[in-house]
Number of protein chains: 2
Amino acid sequence: MMELTRKGEYAIRGIIYLAQLPPGKVALISEIAEAAEVPQTFLAKILQSFAKIGLVKSFRGAGGGFTLGRSAEQITLREVVEAVEGPILPNRCLLGAGTCERDGTCGVHPVWREVQGKVVEVLDGVSIKELAARKK
Amino acid sequence: MMELTRKGEYAIRGIIYLAQLPPGKVALISEIAEAAEVPQTFLAKILQSFAKIGLVKSFRGAGGGFTLGRSAEQITLREVVEAVEGPILPNRCLLGAGTCERDGTCGVHPVWREVQGKVVEVLDGVSIKELAARKK
DNA sequence: TATAAAAGGACTAAAACGGTCCTAAAGGTG
DNA sequence: CACCTTTAGGACCGTTTTAGTCCTTTTATA
Ligand code: SF4
Ligand code: SF4
């Protein structure tokens, strides 16, 4: 249960690599992919989607590449994971009231909410900066 | 991320129904399925797998059906979920050392272990008995 | 023996996963 | 301007998982 997909794993590795670069330096997708040991074209898709939401910045043409969209301590692991996997939802009924017609009386519902809360708390508590530093 | 499948949801509903029955009473799969609002043949598969691991007991023939394998307070939500979805694993590398060759130096690894711990803690903390009582 | 269950196995459609590949667009460089 | 570099976007694809159904067999009861 609850497995991170490859996409999520790759995303994290890629963004940590970016965080380990000297600030302002741009990295080629080929460079990131190699360092993070991730399929290049797949990672490209991931970083492109990150660029759209501002998590990273991208530059085209010669001398282009990717950089973090903001400083590494302002990016949490949760953001990265959710950007790629969608919101942390142990069960569908957490999406909104009425998703499950039983949610009013259901005793399990609050348990899922608690699980969600705990996971979010952990993932929100760790920044990419921390992760980048730990690895060095 | 981390979504319970229908199978898991159905399993929980089904087993809670069993827990709400007077002790010793057996329930037909058709009865459970209707009460829990779950596709009958699908639930049958689930309960059959539960019977194999002793989570429920099954009786064939006229007057047969399903009962809990032990008392409801001795069955945790975690057991039910894991029986149907497999172990709680936010990431593959938690399966065992060496699953990811990076796990030695990886700073993210401990985060997943923490997530796993929290989720297991919550799910272990709630028994089917509690859930059955809450719903009544 | 007839009947009433669960058990087991085969099968399926649809979605998600885990990518690849090709073309287009944008930005530098000579 | 032409050319090269690099990301962006879209189409495509094989495999696995999900979410079931259906049919036959076995076991137990009446
Ligand atoms: S039955 Fe309860 S736990 Fe299951 S989906 Fe509905 S509200 Fe959520
Ligand atoms: S890189 Fe780290 S988090 Fe990712 S699978 Fe390997 S050990 Fe786990």
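Chain letters run A, B, ... following the sequence lines, proteins first, then strands; residues in each count from 1.
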If we only count heavy atoms from C-beta on, is the Leu28(B) to Phe66(B) side-chain gap below 4.5 Å?
-> no
Hphob cluster co-occupancy, Val126(A) + Val81(A), side-chain heavy atoms under 4.5 angstrom | yes
Taking atom C1' of dA15(C) as reference, at what distance in whole Å does atom CD of Glu3(B) sit?
-> 13 Å
Could you tell me whether the side chain of Gln116(B) and the main chain of Ile88(B) form a donor-acceptor pair under 3.5 Å?
-> yes
Basic-acidic side-chain contact under 4.0 Å: Glu79(B), Arg70(B) | yes
Value in whole Å for how far the C1' atom of dG10(D) lies from NZ of Lys52(A) | 11 Å
Check: Thr76(A) and Ile128(A) side chains under 4.5 Å, non-hydrogen atoms | no
What residues, two or more places apart in sequence or in another chain, satisfy side-chain hydrogen bond (donor to acceptor under 3.5 Å, both in side chains) together with Gln48(B)?
-> none
Footprint string (nucleotides 25-30 of chain C, 5' to 3'): B base within contact, S backbone only, - free, heavy atoms under 4.0 Å = SBBS--
Backbone N or O of Val120(B) within a donor-acceptor pair of the Arg78(B) side chain at under 3.5 Å?
-> no
Taking only residues two or more places apart in sequence or in another chain, which ones pass side-chain hydrogen bond (donor to acceptor under 3.5 Å, both in side chains) with Glu37(B)?
-> Arg102(A)
Min side-chain heavy-atom separation Leu47(A)-Phe42(A) under 4.5 Å | no
Derivation and outcome, side chain to side chain contact (heavy atoms under 4.5 Å, CB included), residues Gln74(B) and Ser127(B) | CA-CA 7 Å; Gln74(B) 293 177 76; Ser127(B) 72; over 6 Å; no
Please check if any side-chain donor atom of Glu3(B) sits under 3.5 Å from a side-chain acceptor atom of Asn91(A), or the reverse.
-> no
In residues 28-47 of chain B, which residues come under 4.0 Å of DNA chain D by heavy atom?
-> Pro39(B), Thr41(B), Phe42(B), Lys45(B)
Between dA5(C) atom P and Phe66(B) atom CZ, what is the distance in whole Å?
-> 12 Å
Taking the side chain as every heavy atom from C-beta outward, state whether Val80(A) and Phe50(A) have any pair of such atoms under 4.5 Å apart.
-> yes
Which residues, if any, of residues 86-95 of chain B bring a heavy atom under 4.0 Å of DNA chain C?
-> Arg92(B)
OP1, OP2 of dA19(D) versus side-chain N and O of Thr5(B): anything below 4.0 Å?
-> yes
Does a side-chain N or O from Tyr10(B) land closer than 4.0 Å to OP1 or OP2 of dA19(D), or not?
-> no
Interatomic distance where NZ belongs to Lys7(A) and P belongs to dT20(C) [whole Å] | 14 Å
Cluster question for you: counting only ILVMFWY and a side-chain heavy-atom cut-off of under 4.5 Å, with indirect links fine, are Leu123(A) and Ile53(A) together?
-> yes
Measure all distances between protein nitrogen or oxygen atoms and nitrogen or oxygen atoms of nucleotides 13-15 of chain D, and list the pairs falling under 3.5 Å.
none

Provide, to the nearest angstrom, the distance between the CZ atom belonging to Phe50(A) and the P atom belonging to dG9(D).
-> 15 Å
Would you say a side-chain N or O of Gln48(B) is under 4.0 Å from OP1 or OP2 of dA7(C)?
-> yes
Decide yes or no for Met2(A) and Val119(B): does some side-chain heavy atom of the first lie under 4.5 Å from some side-chain heavy atom of the second?
-> yes
What is the distance, rounded to the nearest whole Å, between atom CG of Leu4(A) and atom P of dA16(C)?
-> 17 Å
With the side chain of Ser58(A) defined as its heavy atoms from C-beta on, choose the nearest nucleotide among dG20(D), dA8(D), dC17(C).
-> dA8(D)
Using a heavy-atom cut-off of under 4.0 Å over every strand shown, decide if Lys57(A) touches base, sugar-phosphate, or nothing.
-> nothing
Atom-to-atom span, CZ of Arg6(A) to P of dT17(D) - whole angstrom | 11 Å
